[in-house]
Every structure is written in C-alpha cells, then in structure tokens.
Amino acid sequence: MNRTSVFQAVSATVSLGSILLRGWVRTRRDAKEVTFLEINDGSCLKNVQVVVDHAVADKRFKDVNTGASVEIRGEHVASPAAGQSWEVRAERVVLIGMADQETYPLQKKRHSDEFLRTIAHLRPRTNKYGAMARIRSEAAFAVHDFFRGRGFWHLHAPILTGSDCEGAGEMFRVTSLSPEHRPKPGADVHAEDFFGKQANLTVSGQLEAELFACALGQVYTFGPTFRAENSNTPRHAAEFWMIEPEFTFGDLAEDMQLAEDLTKAMVRQVMEHRADDLELFGKFVDKTLLGDLETLLARPFARISYAQAIDILEDSKRDFEFQVLFGSDLQTEHERFLAEEHFKQPVIVHDYPRTIKPFYMRLNDDGETVAAMDLLVPRVGELVGGSQREERLNILSDRMDEQGLNKDAYWWYLDTRRFGSAPHAGFGMGFERFLMMITGATNIRDVIPFPRTPGHLEF
RNA sequence: UCCCUGGUAGCUCAAUCGGCAGAGCGGGUGGCUGUUAACCACUAGGUUGGCGGUUCAAGUCCGUCCCGGGGAGCCA
C-alpha cells in the first residue's frame, strides 16, 4: 500500500478511501471512546486529524503522544466536526518511535525564537520552522527556474580557493595539517600543506563567474559563501548562501533590471506555491508582511543615483547619528531611511564614488564614480550589491595598483581583458537576506537551518 | 570588537525598600468530554547563570567571568 501524504489527505476533493499515513504526532486529545491525533509529516503546514477508536488501540497506544512517530492505516472520510473537512478513521495505529513527555522539549504551545535556536535539531518540527524550511526550498527553486528561463547557465564555482585577496572580507583558512604540525625551520608554512599554498574558503564566486560569463554569455552561481568576520548582528552569518549572476554584453541598467526581476520572480513564486506557509508569517510574525509583498510586486523599484541619495538624506533634515557626507559610504541608518521611510519600497542606489568601491567596478566617464548599484529593501537593508565590471585592461590595471593589489595573483582574471574582453555586469544577492525580507524574520539565525556565527558551531 | 540590556521551575515571566522564591503553560495522576491552543481537580518540580565580596540577612547591592537579546562597525 502506498503512503499518502498529509498534504494529499487534507487537500483531497473526494475521499481517498483506505490509506496509509506516516508522520509525527503534534497533539493528542483524549475523549471517552476515541482519541484525536493531529499528524504532521512535513508535506505541508496543516495536520491531519486521526480518530482512534479505543477498540483498535493496542498496549503501546498510551505512548502515542506529542513528538512520537507513527504509522496509521485507516479510512479517509469527511469530518463530521468543524475545523477540518477530512479526517482519518484509524483501523490500525503503530507506534514507531516514542517521545518521552518529560524530556521532549517541544510543547503544545508557542516557544520563543531564542529558545528554539538552542534546539535547532528539533525546531523544524514546529509550524513556523517547518514553514520556513519549505519557503527556503521553494525560493531556491525559484532562483534556478528564473535563470533557466532567461538562458543563464548554472555554474558551480569552487568552494576552496587559493586567492588570499578575493575581497576585503576575512577568510577562513583551510588546512589538512594537524594543529601540532611544525614546518621545517625556514620552510614556507604552506609548502607542506595539501595544496602547497595557502587555501581558503570562498568569500564570493564572482571572479570565477566572470570567467565563465566571458565564454558562456550568461551564468549564475548559487552556493555557500564564507566570511570569517567577527560580526555579531542579526543580519550576518559566517556561512551563508549567495546568488551571483554574471552576463556579458550588458550594462548597469540591465544589471539593475535583472536584480529587480529576480527579486520579484522569487517573491511571486513563493506567494503562489507556499501561500499557507507564507500566511503563517503574515499572521504571527509581521502583520504588514503580505501587503508589503503585494506592493513590492506592483510597482517598479525606485532608482536613484548616489548623488541624489545624498540630496534626499540632506533634505530630510534628519538628525542622523552619522553625518551625511558626499564621498563616504551610506550608513545602515541612511539605507533604512531611504527604503523604509522615504520610498517605503525597494530602492536601487547607483553610481557610487570610486573611492568607496572595489577595483573591479567599471569607471564612469566622469572619472569620479563607478557603475555600482545596491538594492535596498525595507526590513533588511542591502539585499543586492552589484556593478558593471571594468572590461578595459589599462583602467582595471590602474585601479588594482591604486588599491594596492598584487596583479600577479590575478593573471587569470586579467587574461579575460587581454583576450576578447567584453562589457559585462553582475551582482550578488544574499539568499538569507531575501528570506528575511519575505518572511519578516528579524534574525538571520532563524532563516538558515543551522546558523554558523562567531563562537557557534553547534549541530 | 565597542555600546546598551537581560539571565529566577522544562517554557514564558512575577517577586515593592535588601527580609519566608511565586504564577500561567508544559509534565505526572485522576475525572469529564466527537475533541481541535480541549476542559476540571490534585501533584511533583529551584545551587535564582558561575565564582568572589558587602551585610544580622542577597534573586535584589558591588566586582569578575560565561551566556542570550538589541544597536554600531564590516558587509550579502
């Protein structure tokens, strides 16, 4: 007999007849002659109610309690009571794994996010974190779906990297040597290591994506990214997932449009396919969430230059903690003001001063700004950061000197500008930041299954 | 890393001026009931984060360390 999912059982339009269910007991309510079980198997947010006549209960039935796993055979019938349209009249209930009620940490009540973080191995069994996991899965699928539809190829960028200067961020070092290993006197510390040189975990797949974009036209990476920054905020994790498209023969305007289209496609797909799960967040996490998502889809994102952003901030007459100053980077409070108060919707800020942006961003004709863009959204701040890349060898080379980079280490990167160089652009989207935006979660530790942050490597 | 704020029962929290450590939920037992955050009664459950200090007396005051949360920096 094939197993029926809870989703199939609760969303049926006609009776499914005799079925087999497997799942976990969420609650148990005892009545005089029958017991009501709510069964969830992760296939959807809803539980299915199972009615167990005490005549069919065996000796182990007393242990069929919250948290236990069970197998149930029974008849799928219309429910006579309010609250659910279908229920299962059990013919046989088998306890597969019991859960001791005195020590099982999940109760039939609301738990704080802080507490659930300490039991991250069990929190996916709650409504909220189950919904989060399904939304995360759907959003990831939306990414692939979107790019596939636009002719982008999915590129698996390497996780291990030999460049020690990929970006400004601190990197995790990778070694196969034991902590006790001591190199021979005078020898290079990395010479005896696995790769014969220093190895790190990637902080971005961008440079590799650029190489492939200059061959396949348009590509994207979607994988884990690692930053060893000692940042303790609700928006940073040491391991997170990033989406990085890169396309040739395009400019910054197309880059901004791509970021907007991707964001909207992901929101739309989650709203369509995980409506129940999303509704839970609209109900219990943030009441304005669903309305804000509708607004996000309905209007084009605002677009302003960095110079205009400075003007808006100055005209606001706000008493910012950090002074608004042309030439310095926007502070968190500035970004939040723009997205949450001034525009009240996503806003793209473009053409930043060259001095505050990395070497690979394309120098504009004014010689002072670069073709960079940041997508700022309410609730999370910077969701996307991108740019048109500098494709002119001499200018790129000058900018690398300007920022004190060792050009020898980037010989392969510079080769793309030597041989058939082409204008290209791309961006990075923080996947967890997207999930915070779409669920209203205020802490990144709650949108990733097992968060890695400074001092935390549990589970 | 810096600043702010917390840590009391399994969970969420209360405890006045320094004066006998409590409630709700959850657990256990019993009752009632086609129930649905079920309901009613009884019951168990504490090194008040750790260490040190002040005091007749510390959950409460002081020092220090650990941990949580928020803000900042860095960024996605």
Side-chain angles (χ1 to χ4, degrees), chain A residues 26-39 46-54 62 65-67 77 79-84 87 89 99-119 126-127 167-170 203-206 222-244 259 284 320-322 329-336 356-358 374-377 380-386 427-437 442-448 453-456 458:
Chain A
R26 282 295 178 80
T27 73
R28 168 180 179 147
R29 293 180 295 272
D30 286 302
K32 191 174 186 181
E33 277 153 18
V34 296
T35 290
F36 298 93
L37 302 174
E38 298 268 351
I39 306 297
K46 289 197 181 81
N47 305 320
V48 64
Q49 171 164 288
V50 174
V51 188
V52 184
D53 194 299
H54 292 163
K62 63 175 172 40
N65 265 315
T66 306
V77 297
S79 178
Q84 62 281 315
E87 63 184 27
R89 204 149 298 165
D100 177 25
Q101 295 304 287
E102 293 205 41
T103 51
Y104 184 59
L106 290 175
Q107 307 171 356
K108 294 191 288 187
K109 58 171 243 180
R110 199 187 165 280
H111 288 292
S112 67
D113 292 325
E114 290 80 6
F115 171 67
L116 290 172
R117 249 171 249 157
T118 68
I119 50 166
T126 65
N127 287 338
E170 285 293 311
V203 293
S204 164
Q206 180 196 317
F222 182 12
T225 309
F226 308 88
R227 302 275 168 92
E229 306 280 352
N230 185 17
S231 32
N232 291 283
T233 84
R235 293 183 301 280
H236 293 86
E239 178 185 86
F240 62 99
W241 285 63
M242 191 152 64
I243 300 144
E244 296 179 289
F284 298 113
F320 292 113
E321 195 187 331
F322 290 87
D329 213 352
L330 299 179
Q331 301 291 318
T332 299
E333 57 176 343
H334 302 148
E335 295 181 345
R336 296 193 65 152
I356 56 172
K357 291 292 183 184
D374 282 353
L375 168 56
L376 311 177
V377 299
V380 299
E382 187 179 343
L383 174 66
V384 167
F427 61 79
M429 173 189 281
F431 188 53
E432 283 74 20
R433 296 254 174 107
F434 173 84
L435 291 170
M436 291 172 74
M437 181 188 80
T442 52
N443 197 313
I444 197 169
R445 299 174 185 102
D446 297 333
V447 303
I448 194 163
T453 53
H456 294 276
E458 244 354 280

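Each chain gets a letter, A, B and so on, in the order the sequences are listed, and its residues count up from 1.
Judged by distance alone with a 3.5 Å cut-off, a donor-acceptor contact links the side chain of Q107(A) to the base of G10(B). For a distance-only test at 3.5 Å, the side chain of N232(A) qualifies as a donor-acceptor partner of the base of U1(B). In the interface, the side chain of Q101(A) is not paired with the base of G10(B) through any donor and acceptor atom under 3.5 Å apart. Applying the 3.5 Å distance criterion, the base of C11(B) shares no donor-acceptor pair with the side chain of H111(A).
Using a 4.0 Å heavy-atom criterion, one finds that R26(A) contacts no nucleic acid atom at all. The residue V51(A) sits close to a base: some heavy atom pair falls under 4.0 Å. Residue contacts for S112(A): at a heavy-atom cut-off of 4.0 Å it reaches the sugar-phosphate backbone alone, with no base atom in range.
The pair D30(A)-K62(A) fails the salt-bridge criterion, with no side-chain N (NZ, NE, NH1 or NH2) lying under 4.0 Å from an Asp/Glu carboxylate O.
Applying the 4.0 Å criterion to OP1 and OP2 of C74(B), one finds that S231(A) has every side-chain N and O outside that range. Put simply, R29(A) has no side-chain N or O that comes within less than 4.0 Å of OP1 or OP2 on U36(B). Between U35(B) and R28(A), no contact under 4.0 Å exists linking OP1 or OP2 to a side-chain N or O. Neither OP1 nor OP2 of C13(B) sits under 4.0 Å from any side-chain N or O of R110(A). T27(A) has no side-chain polar atom (N or O) that falls below the 4.0 Å cut-off from OP1 or OP2 of A37(B).
Residue N443(A) has its side chain nearest to G70(B) when only C75(B), G70(B), G28(B) are considered. Comparing atom distances between the Q331(A) side chain and each of A76(B), G73(B), C74(B) picks out G73(B) as nearest.
Nucleotides G59(B) and C25(B) place their C1' atoms 22 Å apart, quoted to the nearest Å.
Checked against side chain to side chain donor-acceptor pair (under 3.5 Å), T442(A) has no partners two or more places apart in sequence or in another chain.
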